[in-house]
Each structure stands twice: as C-alpha cells, then as structure tokens.
Amino acid sequence: MSVYDKAVKLLIDGCVVAIPTETVYGLAANAFNPAAIERIFAAKGRPRDNPLIVHVADLEMARGLGLEIPELAERLAENFWTAGSPLQGPLTMVFKRKTARALRAAPPQRGIIPDEVSCGLDTVAVRVPNHPAMLEIIRQCGFPLAAPSANVSGSPSPTKAEHVYADLSGKIPLIIDGGDCDCGLESTVVMFDENKIKILRPGAVTAEMLSEFGEVEVEDGGSIHSPGTRYKHYAPRAEVIAVEGDAEGFGEFVITNPEAKTLFAKLREFDELGAEQIFIQLPEPAGIGLALYNRIIRAAEFKIVKAEV
Ligand code: TXA
Ligand code: MG
C-alpha cells in the first residue's frame, strides 16, 4: 500500500493526517465530517473559535460546496489557483455560505461544510494548494480537506516533516514527509466586499499582485474578520524581539534579512540551541515583506525595538 493510499484510508475513516503543502505542512481531515474536524482541534490544542481553511483540488470542487463565489473570485481563481498560470500562488478566499433558499434552488453537488469547520461563521475559507501530495490525496478522497498548519497552536508553523513530528508525534497516526515546503509561509487570506479585495492575512500573493484585479485593502492587526490573527502566534520558546533598522551588535541570536522560506525553521532551530532571546530584523512591510513583518511582530508579541544609529 502506498503512503498516499494509507493517508486516503485514514482520512476516509475520519482520522487526521499531516500532509505537506507548498506553504507549510497541513493537518488534514475530511471537511464534511464534524468528528474528524474535532480531532484536528484536539491534536493542535486550537482555540474553538479559530476557523479552518478548506482545501479543494480545483475551482470546480469549490463550486460544489454551497458557497457564494463572486465573479471577482472566479477571476482570481483562474489566475492564482490554476496550475501553469504565471500568477499561480497560495491564495485563500473567504466565501459567504449560500442561504437556505439559494441552496434549495441549486443544491450543492458535494456537500455542506459543517459549522465545526468555520466555528459558526457564515463564511468558509477555501484554497487550492499547489503540492502534488496534497492534490493527489484530495482527488483520491473525493471530498475536501480542512487543514490548519500542522503545529501545536501558538508555535512556529511547520515547514519540514521534522517540525510536525516534534509538535504532534504520538497524537496523529501519519505524517507524510515531502521535504522542505517551497514557500515556507502560510497562504494569503482574502475576503470580498463588493469589488474590494480585503487582505486578512498577508502572504506570498501580495497586495500588489491582487491590485491588478480590483481595489485592495489590508486589514491587519487583530482583524475582526480573521479570528486567527488575534492569537499569540508563531512563537518559539525563546523571547523574540523585532528589531527595526540596523541589526548589528545585537548579540548572539540575530536573524538578519529574514526570508519567508526559512523564518519558521530558524525560530525552531534557535530553540533547539537553547536561545533565550532571538532578535529578528524587520523587513520593509511591502510586497512579501509585509507577510514576513506580520509573522515576526506576532512571534515577538508586538515587542519592537528601534536600532537605528
Ligand atoms: O497556507 C496555509 O493557509 C496553511 C496550509 C496548511 O494550507 N494553512 C493555514 O491554516 O495556515 P491556519 O489554520 O493555520 O490559518 C488559517 C487562517 C486563520 O487566520 C483563520 O482565522 C483564517 O485563516 N480563517 C479560516 N476560516 C476563515 C473564515 N471563514 N473567515 C475568516 N478567516 C478565516
Ligand atoms: Mg496556523
């Protein structure tokens, strides 16, 4: 039996499986099965009011979930969710659930995402991952997979199978090792307000890239719409201090010019070395730098020192 077959069997049985994606490792379960979703929250120790992203193989699969997909989102899907498109990248879109009346008029082909996934919100976050393991497993399952990052809640997101093992070994039946994640930072999360694109969590799909398709607004810092942005996040055991300006002369554990790909791995590495403090140089909060900035200030619990001379 191949490891994908094993994963599919476990997922059909309602178990959770750690699967690599292009952003970070995900802790996946059948998005239609409330009992399986409960296992995700239990394994991660995740707050019950922080909703999960539903992963689908393509736009067609998203269309079958009883959600209102605006035309603007269809255009974004064609560009960011489509393999081979020059703009292909990690984008999560938040959609409103269809009303009961609209559902009766056009029943979903696949099923309804239960309240447990979206924590009672009237919206559901959906994305198409770009990783052969995750895509193949979704296709073989035939149902969408709800998957948060496969770390214990609050710790840095896992970008290697070893990170998942360190956090969740003994709590889940299978981790698929796909090596290092290409992107190393979670997807950009957006929602729509008429023709406006609101960024709830910045990521590798930047405001600049999205602005080709409509007006973009960045809703950052304890976003009312994205419960996950309120929590302490990405924090290693060591104290993290975000440094604005020149990082020289700041002692042993300084991360200068942080990169998306390695940020979370470095935080874990310094913990293993027994660091008590980690200083991280803040990038300019623009483009992909905004996504990094967002993660660093959360890891630092918003402690920022100015190091300009
Ligand atoms: O790249 C990613 O997005 C990774 C991989 C595994 O796909 N997943 C991930 O999931 O980062 P998680 O659970 O760590 O973060 C999900 C974020 C949270 O900030 C959550 O609040 C937000 O998405 N979210 C989920 N559903 C939402 C909804 N219906 N409305 C607003 N925000 C939502
Ligand atoms: Mg997470």
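Note that the coordinates shown come from a computational prediction; the quantities given were computed from them, not determined experimentally. Counting starts at 1 for both ligands and their atoms, following the listed order.
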### Query
If you measure every N/O of Ser187 against every N/O of ligand 1, is any gap under 3.5 Å?
yes
### Query
Any N/O/S atom of Ser149 sitting less than 2.8 Å from the Mg ion (ligand 2), backbone or side chain?
yes
### Task
Give yes if a backbone or side-chain nitrogen or oxygen of Thr123 is under 3.5 Å from a nitrogen or oxygen of ligand 1, and no if not.
yes
### Task
May I ask you to identify, for His55, whether its side chain, its backbone, both or neither come under 4.0 Å of ligand 1 on a heavy-atom basis?
side chain
#### Entry: Whether Arg46 lies under 4.0 Å from ligand 1, heavy atom
yes
### Task
Let me know which of Glu22, Arg127, Met93 forms a side-chain contact (heavy atoms from CB on, under 4.5 Å) with Ser187.
Arg127
### Message
Once you restrict to heavy atoms under 4.0 Å, what part of Ala125 touches ligand 1? Side chain, backbone, both or neither.
### Response
both
### Task
Please step through side chain to side chain contact (heavy atoms under 4.5 Å, CB included) for the pair Leu200 and Val218, ending with a clear verdict.
CA-CA 7 Å; Leu200 307 183; Val218 181; over 6 Å; no
### Task
Below 4.0 angstrom from a heavy atom of Leu121, which ligand 1 atoms are there? Numbered from 1 as shown, please.
28 (C), 29 (N), 30 (N)
### Query
Between the side chains of Asn195 and Glu215, does any donor sit under 3.5 Å from an acceptor?
no
### Query
Hey, does the side chain of Ser2 reach the backbone of Asp5 with a donor-acceptor pair shorter than 3.5 angstrom?
yes
### Query
So, Tyr25 side chain and Ser157 main chain: donor-acceptor pair closer than 3.5 Å or not?
no
### Audit row: Lys196, Glu217, salt bridge (Lys or Arg N to Asp or Glu O under 4.0 Å) steps and yes/no
CA-CA 7 Å; Lys196 203 187 278 169; Glu217 187 182 294; 3.0 Å; yes
### Task
May I ask you to list the atoms of ligand 1 that are less than 4.0 angstrom from any heavy atom of Pro148?
6 (C), 10 (O), 12 (P), 13 (O)
### Query
Does the separation of the ring centres of Phe213 and Phe80 fall below 6.0 angstrom?
yes
### Query
Closer than 4.0 angstrom: is that true for some heavy atom of Arg127 and an atom of ligand 1?
yes
### Query
So, is Thr23 polar-close to ligand 1, with some N/O to N/O distance under 3.5 Å?
yes
### Task
Using heavy-atom distances, let me know which of Gly120, Ser149, Gly26 sits nearest atom 9 (C) of ligand 1.
Ser149
### Query
Which pair of heavy atoms, one from Leu67 and one from Lys98, lies closest together, and at what distance?
O-CE, 3.5 Å
### Query
Can an N or O of Glu186 be found at a distance shorter than 3.5 Å from an N or O of ligand 1?
no
### Summary
Checking heavy atoms under 4.0 Å, the part of Asn50 that sits near ligand 1 is side chain
### Message
Walk me through whether Glu116 and Arg48 qualify under salt bridge (Lys or Arg N to Asp or Glu O under 4.0 Å).
### Response
CA-CA 9 Å; Glu116 283 77 2; Arg48 306 286 157 154; over 6 Å; no
